[in-house]
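Note that the structure is predicted; figures quoted are calculated from it, not measured.
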Amino acid sequence: MARSKATATHSKATKRGTVKSKRDADTNGNLDDGRKAGEWGRAWDIDVFSIVSVITLLTTCPLMVFYFHVACTHYDCALSSPILGLFKGDITLTDFFNQLPPVTLDGFQIVLPWVAFQVFLYYVPDLLHYVLPGYVGGICPGAITPSGVQLQYQVNGLQAWAISNGLFLANGLYFNWFPSTIIFDHWGEMLWVANILGYVVAIFVFIKAYNFPSGAKDCKFSNNIFYDFMMGIEFNPRIGKWFDFKLFFNGRPGIAAWTIINMSYAFYQYHTYGYVTNSMWIVNILHAMYVVDFFWNEAWYLNTIDIHHDHFGWYLAWGDCVWLPWMYTLQGFYLAYKPVDLPQPVALGIMALGLAGYFIFRAVNHQKDYFRRTNGEGLIWGKKPEYLEARYYSGDGKQRKSKLLLSGWWGVTRHMNYTGDLMGCCAYCLACGFDHILPYFYLVFMFILLTHRCIRDEHRCKAKYGKVWDEYTSRVPHRLIPGVF
Ligand code: NDP
């Protein structure tokens, strides 16, 4: 029964694909509905709302990170205190600016060697895929870009993560070459350097896109300079054959540092209070699972939205250098200042929520990957999957095929992977208790990020797949929560 339904769906969609195939691209790559072939990447024409949003984000995000830092270091982690103090006149703006962390040589001496070390590790050929069964590393192909190019990547993030994190842990537990709390001790000073780095990288790729782009056909210029600066012009900026800005900055230095930053907070707790709280353990363990999962699946990651669809601009450059390391590790930072001892049943419940979220997140991502790799032939939840056959055009005017899965998790909602991710975020925040709202900012942020991402992605999928996408959304009507949203 399931099989015949699947075949029916498949053949119906194929017919639709045949109808669509009449909509061929002309020699200039123009489609008969006015769009250009491959015109399914990021936006071209920017409305006033987008420009206002972009300028707001460019100006407020860096301030926000500093604000959070000051709230923890000077206001007992009470997020509203600095702003209320300013409104009530208890403090002046000058007082607030005096509370910002200082710019010091130490900040540069920690961040710059760390980035240099990551660049070095980025060039060390991967050995782990020879010894770890099931791990995919070494030279791997990326996805096909809108202009029809397929790049090769050197996938060795797991190795870089293991070496960097192993050295940090060995230092903290045994060697003592440098203080294990070094990151906690200099976190504010490092924030300045990371900001400088994020802006330098964003400005560099912006200039590069105009003067020496790596893939000119995949560059996208909108009608607005702020939008281009923020969302990026080049799709895959590179230096030489292998240094890929997107892969490097997305994974290293930010994500590889994530677990090291958390460890530094745990060491701080240990040295200050004599033990590490169960809440700190939970945050460290759940974050570490997420990070290791990311590096274990780095080859798969080449097909996610960040690498496959986003252009490289300030959003990724600054986001990877500053936002991710500072805002994604807020719970550990908070717990270093405000240790929370959770009753054991509560700790177990939170851990169970985090693990369930992780399980869903991984299972959904794996299911799509498996479905695409087996070209729809592999079993999903023990049955032959239902899917829609879709066609689209790349910028070279070629018609290509794709499949949209209707079975398994992808038939429950259109983005159950985001739902699992959000359950994990909920667990990290709950581990911090309810005394302060500050650690919960992460959950609010992730909710906005992932719902916005959902909408952005669906807009792109609609442009790419047309009516077949409409059919998918009518068959699977909800985005994140079955029956609700
Ligand atoms: P997805 O992995 O969900 O990929 C979306 C893409 O999948 C679509 O663009 C489309 O691409 C394809 N697709 C959509 N529907 C179907 C379907 N039914 N069948 C087959 N393919 C389909 O999104 P992301 O890349 O955003 O996320 C990857 C993971 O990373 C998620 O688990 C997410 O939670 C996580 N993430 C975490 C972030 C963080 O900051 N912690 C930030 C962003 C993501 P195509 O063009 O190939 O058809």
Side-chain angles (χ1 to χ4, degrees), residues 1-24 37-38 40 134-136 140-146 148 150 293 296-309 359-394 396 398-420 454 457-480 482:
M1 174 67 189
R3 191 186 173 117
S4 61
K5 202 173 159 197
T7 318
T9 307
H10 182 178
S11 63
K12 219 166 89 188
T14 310
K15 267 190 215 146
R16 192 173 298 111
T18 317
V19 173
K20 253 184 101 188
S21 72
K22 287 185 187 148
R23 198 194 60 171
D24 271 336
W40 35 266
Y135 169 65
V136 180
C140 295
I144 297 167
T145 70
Q150 189 169 30
D293 177 280
W296 182 276
N297 294 293
E298 198 178 14
W300 157 84
Y301 180 71
L302 298 175
N303 288 304
T304 64
I305 292 174
D306 284 341
I307 298 277
H308 192 172
H309 306 303
F359 170 77
I360 294 176
F361 161 84
R362 172 70 355 248
V364 182
N365 288 331
H366 172 74
Q367 210 166 61
K368 186 183 80 177
D369 182 45
Y370 173 71
F371 165 72
R372 288 260 169 104
R373 263 190 297 114
T374 56
N375 200 23
E377 294 300 317
L379 298 184
I380 300 278
W381 287 355
K383 292 183 194 153
K384 196 152 169 51
E386 281 189 71
Y387 58 84
L388 296 168
E389 192 86 56
R391 285 158 197 257
Y392 66 95
Y393 290 88
S394 49
D396 51 12
K398 279 194 190 143
Q399 193 188 67
R400 297 175 189 270
K401 288 182 188 170
S402 189
K403 290 179 168 55
L404 295 172
L405 179 60
L406 287 163
S407 302
W409 291 107
W410 293 84
V412 178
T413 67
R414 302 201 287 272
H415 267 292
M416 276 306 280
N417 48 353
Y418 292 179
T419 311
C454 233
D457 183 45
E458 299 203 349
H459 183 71
R460 191 192 61 79
C461 286
K462 163 83 179 131
K464 184 174 177 183
Y465 298 128
K467 285 191 180 139
V468 180
W469 183 257
D470 291 338
E471 173 157 5
Y472 176 55
T473 57
S474 71
R475 299 276 298 268
V476 186
H478 294 103
R479 288 182 168 122
L480 294 177

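- One finds a salt bridge joining R460 and D457 here, because a Lys/Arg side-chain nitrogen approaches an Asp/Glu carboxylate oxygen to under 4.0 Å.
- Nearest heavy atom pair, residue Y465 against residue S402, reads OH-OG, 3.1 Å.
- When atom types are taken as modelled, the side chain of T413 and the backbone of P482 share no donor-acceptor pair closer than 3.5 angstrom.
- Although no hydrogens or angles enter the test, the distance criterion places no donor-acceptor pair under 3.5 Å between the side chain of E389 and the main chain of K403.
- In this structure the side chain of W381 never reaches within 4.5 angstrom of the side chain of S407, judged on heavy atoms.
- To the nearest 0.5 Å, the span separating CG on N365 from OH on Y301 amounts to 11.5 Å.
- E386 contributes atom CD, which lies 13.0 Å from atom CG of L404 (distance to the nearest 0.5 angstrom).
- Considering every non-hydrogen atom in both P385 and L405, the closest pair reads CB-CD1, 3.7 Å.
- To the nearest 0.5 Å, atom OH of residue Y392 and atom CD of residue Q399 are 10.5 Å apart.
- The CD atom of Q367 lies 10.5 Å from the CE atom of M416; values are rounded to the nearest 0.5 Å.
- Between L302 and P141, the shortest heavy-atom distance links the atoms CD1-O, 3.7 Å.
- Taking every heavy atom of both residues into account, L379 and K384 meet most closely at CD2-N, 3.6 Å.
- Between W410 and N417, the closest side-chain pair of non-hydrogen atoms falls below 4.5 Å.
- In this structure a side-chain-to-backbone donor-acceptor pair under 3.5 Å is missing from W296 to Y135.
- Side-chain atoms of W409 and K368, non-hydrogen and from C-beta on, never get closer than 4.5 Å to each other.
- Using modelled atom types, no side-chain atom of R479 and backbone atom of H415 make a donor-acceptor pair closer than 3.5 Å.
- Between H366 and N297 there is no side-chain heavy-atom pair separated by less than 4.5 Å.
- Rounded to the nearest 0.5 angstrom, I380 CD1 and Y387 OH are separated by 11.5 Å.
- Counting only distance, with no hydrogens or angles, the side chain of T419 and the backbone of L480 share a donor-acceptor pair below 3.5 Å.
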